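Values below: every heavy atom of this structure, side chains too, minus hydrogens, waters and symmetry copies. Note that this is a predicted model, so its numbers are computed, not measured.
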Amino acid sequence: MNAPPPIIGVSENIKRIKELIKHIEDTGLNVVISGETGVGKELIAQNLYYNSPRRGEPFIKVNCAALPEGLLESELFGYEQGAFTGAQKRKRGKFELANRGVLFLDEIGDMSFPLQSKLLHVLQSGEYSPLGSEKQMQTDVWIISATNHELEQDIKNHAFREDLYYRLNIINIYIDPLRKRPEDIAHLVEYYIDTYRKQYGKENIPKPDPEQILKLQNYHWPGNVRELQNVLKKIMVFENWDEAIAGLELYRPEKIDLNATDKEKAILSEIFSVDRIDFNSMESFSLKKARKEIADRIEKEIISRVLEKTKWNRSKAATILKISYKTLLYKITDLDITMPSSE
Amino acid sequence: MSSFYRLLIIDDDEVTLESFKEFFQKKNFKVDVANDGLTGLKLLESETPAFDIVITDLVMPGISGVGVTAIVKKKFADMPVIAITGWGEHPEALASEAHADIVLRKPFELAKLEKIILEILDKKQSL
């Protein structure tokens, strides 16, 4: 394997992953990489392998969702000649091919329950038999699995074996969806534009301007990094940024505060929602009025929270807000802030 | 002897960490805590050989307690590790395979954990 693309990003999530990889890359401990489709799980697996003492040995990938149970079993463990109708010659399984290297089990959450049991047995004993063979084969593979499932949930639903989970998941690497780490976007864009310029022979493609980056950061990226890569490839074809990113939706409430709880997010997106401003009544609309309306909404929310915190002790609240007692009383009336009836 | 012993306790549950810390500090241990495996390993690397023993929960996000045990035993071969497992979770066998010195199932009395720690460390010192 050539050097895989590096892991790119400056978000807490990505920094943590890089740090974690440094601590485990030489251990050979089984890893589960989880995260939504397109976040780059295989890239993490390749980086683990490439930085490990197993580099140079095989890196074998099996997609557990792509094959029906019986076929996947013979893919993994291989078979002897005549093991079943059509088995005309011996076939080496992925465990054998990956020996001393890495076996990358993609979409492990889609593996059938019976096959999970067989896999568990192999991991416990370090031995397996190809189909139709009596021979016990020794195995030395580093198992790196990937899934977009929440395996804990699958365990509760009896779709995934708990004991197998613990054996595979000695180390867990969770990659955040791209919408939760907009600060990574500029870095990803820079890296992949550079790569694609060379790949497509289009050295003249310009870098994005800050406004275009902002637009990319505002989009919610349901297809994650893979979708971003596709957009960047489109730019190579269109040779024009605005045309390639024109279709991306602008509005993304999560951008406001990445650490906010769901309730806070709901409030914030409500406050910031431009949809609520009535652009149609042109006579009454002005930017100044819109600005005041939004500022009022934020003030109301903040004052309400401080009052809630101080149990409606207005002089304490005024001190915290650094406004006079009189101003606070005025704001309470003006912004129509009411004391909860239970207090 | 216990006043000289320094513990590293790793658990992703803040309440457990706090109660362990309070208990062992009262018993004159020096206690450091980490709320995930990576933080714990980084502490160990920066402080070693100052810690005398590692006590780790088994089920944690990121580097699990089994991972912590295996890595500690690989990097600091004679560092004792006590692995603790929660209710309804059974990775004990894995912790033993990773060479944890003791695997302790919750619930247990902290006094029992203290006794185990002292047994391991006093024995180690007398060697």
Closest approach of B:Lys74 to A:Thr27 (non-hydrogen atoms, all atoms of both residues):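 Scanning both residues completely, I find the closest heavy atoms to be NZ-CA, 3.9 Å.
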
Taking every non-hydrogen atom, the tightest pair across B:Lys75 and A:His23: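 It is NZ-O, 4.1 Å.
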
Other residues, nucleotides and ligands only: do more than 12 of their heavy atoms fall within 6.0 Å of [atom1] on [X]?
X        : atom1 : value
A:Lys22  : NZ    : no
B:Glu22  : CD    : no
A:His149 : NE2   : yes
B:Lys124 : NZ    : yes
A:Gln136 : CD    : yes
A:His187 : NE2   : yes

Per-residue contact mode, B:Thr39 against chain A (heavy atom under 4.5 angstrom):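 Both parts, backbone and side chain.
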
Ring pair (Phe, Tyr, Trp, His ring centres under 6.0 Å) partners for A:Tyr49, two or more places apart: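 In terms of ring pair (Phe, Tyr, Trp, His ring centres under 6.0 Å), with neighbours along the sequence ignored, A:Tyr49 is linked to A:Phe59.
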
For a 4.5 angstrom cut-off between non-hydrogen side-chain atoms, does [X] reach [Y]?
X        : Y       : result
A:Leu29  : B:Ile71 : yes
A:Tyr166 : B:Val59 : yes
A:Arg167 : B:Glu97 : yes

Greatest number of heavy atom pairs closer than 4.5 Å to chain A - which of B:Ala70, B:Ala98, B:Gly67: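 The option with the most such pairs is B:Gly67.
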
Leading residue by heavy atom contact count with chain A [cutoff under 4.5 Å; candidates B:Leu41, B:Leu58, B:Ile63]: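 Winner by heavy-atom pair count: B:Ile63.
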
Residues 95-106 of chain A: residues contacting chain B (heavy atom under 4.5 Å, by number):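 So far as heavy atoms go, nothing in residues 95-106 of chain A approaches chain B to under 4.5 Å.
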
Residues 9-20 of chain A: residues contacting chain B (heavy atom under 4.5 Å, by number):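 Residues of residues 9-20 of chain A touching chain B at under 4.5 Å: A:Arg16, A:Glu19, A:Leu20.
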
Side chain, backbone, both or neither of A:Asp163 within contact of chain B (heavy atoms, under 4.5 Å):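 No part of A:Asp163 comes within 4.5 Å of chain B.
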
Heavy-atom pairs under 4.5 Å with chain B, option from A:Asn172, A:Ile171, A:Ile170 with the top count: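 Result: the option with the highest number of such pairs is A:Ile170.
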
Salt bridge (charged side-chain N to carboxylate O under 4.0 Å, His left out) partners for A:Glu36, two or more places apart: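 If we apply the salt bridge (charged side-chain N to carboxylate O under 4.0 Å, His left out) test to A:Glu36, skipping adjacent residues, the hits are A:Arg179.
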
